[in-house]
Amino acid sequence: MPLRVYNTLTRTKEDFQTVEPGKVSMYLCGPTVYKPAHIGHMVGPVIFDTIKKYLVYAGYDVTFVINITDVDDKLIVKAAEKGMTVKALADQMTADYFDNLKLMAVDSIDCFPYATDHIGDMQSMIQKLIDKGHAYPLNGDVYFAVETDDDYGKLSNRSISQMLAGTRVEANDTKRNPADFALWKSSKPGEPTWDSPWGPGRPGWHIECSAMSAKILGESIDIHGGGLDLMFPHHENELAQSECCSGKPFARYWLHNGLMQSGKGTGKVGGAHSKHGDAPATGATAGSSGSAEDPSAQIAGKLAGSAGAESVKTAVFAHHPPEAVRFFLLSTHYRSPIDFSIENIAATEKSLEGFYRLFETAERLTGVNYYTLEAPKTKTTATKLDGLPAEFAAALSEQRAKFIEAMDDDFSSGGAVACLFEIRRILNSFINDKKLEAGGTDADKVALKTGLTLLKELTNLLGVLRTAPAKKGGDDELANGLMDLILDIRADARTNKNWPVADKIRNALKALNIVVEDSPSGARWTRG
RNA sequence: GGCUCCGUCGCCAAGUGGCUAAGGCAAUGGAUUGCAAAUCCAUCAUGCGUCGGUUCAAAUCCGACCGGAGCCUCCA
């Protein structure tokens with residue numbers, strides 16, 4: 001089964017064929033760094049990071065670029081508001097963005113080009129467009145002439161006339177066509193500015209992606225990604241500029257991820273209500289107007305504009321482990337809108353507990369630490385299942401095949417996630433059947449270890465289940481010491497079949513939110 | 001007004017022409033356990049918004065309708 005990807009340009013799933021055999025160039029539109037990253041900013045990076053990991057697994061040599069747009073109108077406005085320089089604000093917000101990527105285990109990006117480092121490249125591109133008659137200077141600005149591009153509108157499937165029909169046209173607009181967009185903007189005093197053949201100014205919004213993409217990845221790239229909201233005008237304009245400039249196809253495949261949405265689809269911030277009434281934990285109580293300080297404000301509404309004076313780092317990750325958030329993002333298809341509600345993320349956290357439990361058990365039985373376990377990174381070097389009990393090997397192999405099948409079908413991570421749960425079940429079953437808790441053979445332990453390695457091979461592709469959950473046991477010596485003592489006394493009571501005492505201890509601890517579990521190898525406790 | 005997209009079990013969610021419609025959460029029964037917890041096994045949509053149509057065959061294609069979302073405003 002070949003890899004197939006949905007291409008926005010053709011609105012169909014196509015077989016994946018790269019420009020250069022064996023190599024993939026990927027460009028994802030990154031943030032304009034004028035405010036802290038919100039949870040929605042994490043969606044694209046997580047998805048395309050996963051795509052890259054999978055392409056590497058499939059044997060491709062992948063170069064993945066995300067740009068940082070550090071010059072822009074909004075940045076100028078925001079910096080002025082805060083009394084900071086544009087650069088200082090951009091640096092601060094870029095650092096915040098990187099922090100969050102790290103938390104989300106997004107670690108496969110090869111290059112983060114900054115717009116301000118490529119002004120020269122943008123100017124050359126603009127000059128070339130002017131020379132070719134696709135752009136024209138006007139009072140210190142330079143505009144792209146959409147009518148010179150026969151294909152204009154092909155990505156978002158709209159025509160120039162159609163676009164103008166529904167929009168009010170500014171009367172004093174001197175552009176040749178109202179749909180023409182700025183490649184270069186003359187600057188006002190106090191704004192960041194660069195010299196240019198058309199006068200001092202700064203680049204327009206879309207040109208940085210075209211210029212940096214061509215510079216770093218070449219004029220024709222394989223995958224261009226971004227949020228669905230960027231399809232128009234951003235990607236449409238990028239496409240027009242790039243192709244008019246180079247005369248070559250800009251990107252083979254356009255991949256657009258769905259946008260994150262609030263609770264129950266009520267749209268704007270403040271209109272969102274939880275279906276079941278009270279939203280637990282984050283106190284979106286009285287007054288449904290999501291304030292910016294409210295953690296759930298990050299979860300409300302469109303996420304883009306209004307909310308988000310606070311970084312996702314503190315607004316979301318303080319309450320929900322980034323691991324769970326990443327797992328949640330990948331449990332649905334990347335093109336679907338994502339309903340980021342507190343209930344949903346809580347359900348994901350709950351569903352992960354079974355994995356953590358399995359890893360704990362496995363470590364106790366085999367000494368293998370799942371989180372540091374090394375696993376193969378490519379299909380050709382995949383975990384070998386030779387010598388394992390036949391049924392066990394067959395079950396694991398089937399799930400790996402299904403996982404690959406799902407990912408091959410337009411990176412259907414939701415289907416792939418189901419395989420992880422199946423493998424969890426298979427491993428737990430194996431532990432039960434082979435009575436590993438009560439001893440078991442070395443061969444069975446090796447088999448279990450191999451099963452874990454296969455699971456790790458797959459969870460690595462999704463970038464999930466990489467770190468142990470926050471400690472649930474005791475982290476102070478006194479508590480540990482006391483619990484050892486208490487459980488020791490209880491063990492004596494159980495040996496003497498003194499059930500009332502044993503149960504009293506367990507129940508009393510339960511009231512203190514400490515859960516005691518018995519097993520053949522002794523009692524364990526966790527903070528509930 | 002124009003352009004997209006979506007509606008699958010109580011909830012989340014795969015599947016987009018043909019195997020018994022994945023999986024998770026919740027629930028129920030059983031195994032296990034001194035009792036629990038955890039784990040395993042079993043059950044849980046003759047049905048995929050509604051009504052028509054195409055087809056040997058449709059959740060999957062077409063039409064209409066109902067309901068929801070996004071874009072056309074420099075939001076990832």
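Chain identifiers are assigned alphabetically (A, B, ...) following the order of the sequence lines, protein sequences preceding nucleic acid strands; residue numbering begins at 1 within each chain.
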- Message: Whether the A/Y143 and A/D141 side chains hold a donor-acceptor pair (N or O, under 3.5 Å, no angle test) is what I'd like checked.
- Response: yes

- Task: Validate the cation-pi geometry between A/R4 and A/F16: distance from NZ or CZ to the six-membered ring centre under 6.0 Å, angle to the ring axis within 45°.
- Result: no

- Message: Taking any heavy-atom pair under 4.0 Å as a contact, classify A/D73: base, sugar-phosphate, or nothing.
- Response: base

- Query: When we call it a touch if two heavy atoms are under 4.0 Å apart, what does A/K402 touch: a base, just sugar-phosphate, or nothing?
  - Reply: nothing

- Message: Does the structure show a Watson-Crick or G-U wobble partner for B/rG67, both distances under 3.5 Å? Name it, or say none.
- Response: B/rC6

- Query: Counting any heavy atom closer than 4.0 Å, what does A/G414 reach on the DNA or RNA strands: base, sugar-phosphate only, or nothing?
  - Reply: base

- Task: Would you classify A/D72 as touching base, sugar-phosphate or nothing, given that sugar-phosphate means primed atoms plus P, OP1 and OP2, and contacts are heavy atoms under 4.0 Å?
- Result: base

- Query: Can you tell me how far C1' in B/rG17 sits from the matching atom in B/rC48, rounded to whole Å?
  - Reply: 15 Å

- Measure from the ring centre of A/W499 to the centre of the six-membered ring in the base of B/rG34, then say whether that distance is under 5.5 Å and the planes meet at under 30°. yes

- Message: What is the distance, to the nearest angstrom, from the NE2 atom on A/H333 to the P atom on B/rU16?
- Response: 11 Å

- Item | SB check A/K52 A/D107 (cutoff 4.0 Å) | no

- So does A/R506 reach the base of B/rC35 with its side chain, donor to acceptor, closer than 3.5 Å? yes

- Query: Which part of the nucleic acid does A/E422 contact within heavy-atom distance under 4.0 Å: base, sugar-phosphate only, or nothing?
  - Reply: sugar-phosphate

- Query: Across all strands shown, which nucleotide pairs with B/rA22 by Watson-Crick or G-U wobble geometry, both distances under 3.5 Å?
  - Reply: none

- Query: Mind checking the C1' distance from B/rA38 to B/rA22? Whole angstroms is fine.
  - Reply: 25 Å

- Message: Taking B/rC62 as the reference, what is the distance to B/rG18 when you measure between their P atoms (whole Å, please)?
- Response: 15 Å

- Message: Please list all pairs meeting side chain to side chain donor-acceptor pair (under 3.5 Å) that have one or both residues in residues 425-435 of chain A, counting only residues at least two apart or in different chains.
- Response: A/E422-A/R425

- Starting from C1' on B/rC6, measure out to CZ on A/R335 and report it in whole angstrom. 12 Å

- When you check the phosphate oxygens OP1 and OP2 of B/rC41, does a side-chain N or O of A/R425 lie under 4.0 Å from one of them? yes

- For B/rA21 and B/rG1, measure between their P atoms and round to the nearest Å. 41 Å

- Task: Please identify each residue that fulfils ring pair (Phe, Tyr, Trp, His ring centres under 6.0 Å) with A/Y370, with sequence neighbours left out.
- Result: A/F359

- Query: What does A/L259 touch in the nucleic acid at a heavy-atom separation under 4.0 angstrom: a base, only the sugar-phosphate, or nothing?
  - Reply: base

- Is there a donor and acceptor pair closer than 3.5 Å between the side chain of A/D503 and the base of B/rG34? yes

- Task: Walk me through it: do A/H206 and A/H235 pass the test ring pair (Phe, Tyr, Trp, His ring centres under 6.0 Å)?
- Result: CA-CA 8 Å; A/H206 321 292; A/H235 289 163; 9.4 Å; no

- Separation of B/rC72 P from A/L228 CG (nearest whole Å): 11 Å

- Message: Does A/S156 reach a base, just sugar-phosphate, or nothing at all? Heavy atoms under 4.0 Å.
- Response: sugar-phosphate

- Query: Under 4.0 angstrom, heavy atoms only, what part of the nucleic acid is A/L230 near: base, sugar-phosphate, or nothing?
  - Reply: sugar-phosphate

- Mind checking A/R424 for me? I need base, sugar-phosphate or nothing, with any heavy atom below 4.0 Å counting as a touch. sugar-phosphate

- Across every strand shown, the nucleotide meeting Watson-Crick or G-U wobble geometry with B/rA59 (both distances under 3.5 Å) is none

- Item | Complement of B/rG1, any strand, by Watson-Crick or G-U distances under 3.5 angstrom | B/rC72

- Query: Considering only the P atoms, how many Å lie between B/rC44 and B/rU60, rounded to the nearest integer?
  - Reply: 24 Å

- Query: If you measure from the P atom in B/rG15 to the same atom in B/rC9, how many Å do you get, rounded?
  - Reply: 15 Å

- Distance, P atom - from B/rG24 to B/rC19, rounded to whole angstrom: 22 Å

- Scanning all shown strands, the Watson-Crick or wobble mate of B/rA27 with both distances under 3.5 Å is B/rU43

- Ring-ring centroid check A/F355 A/F421, cutoff 6.0 Å: yes

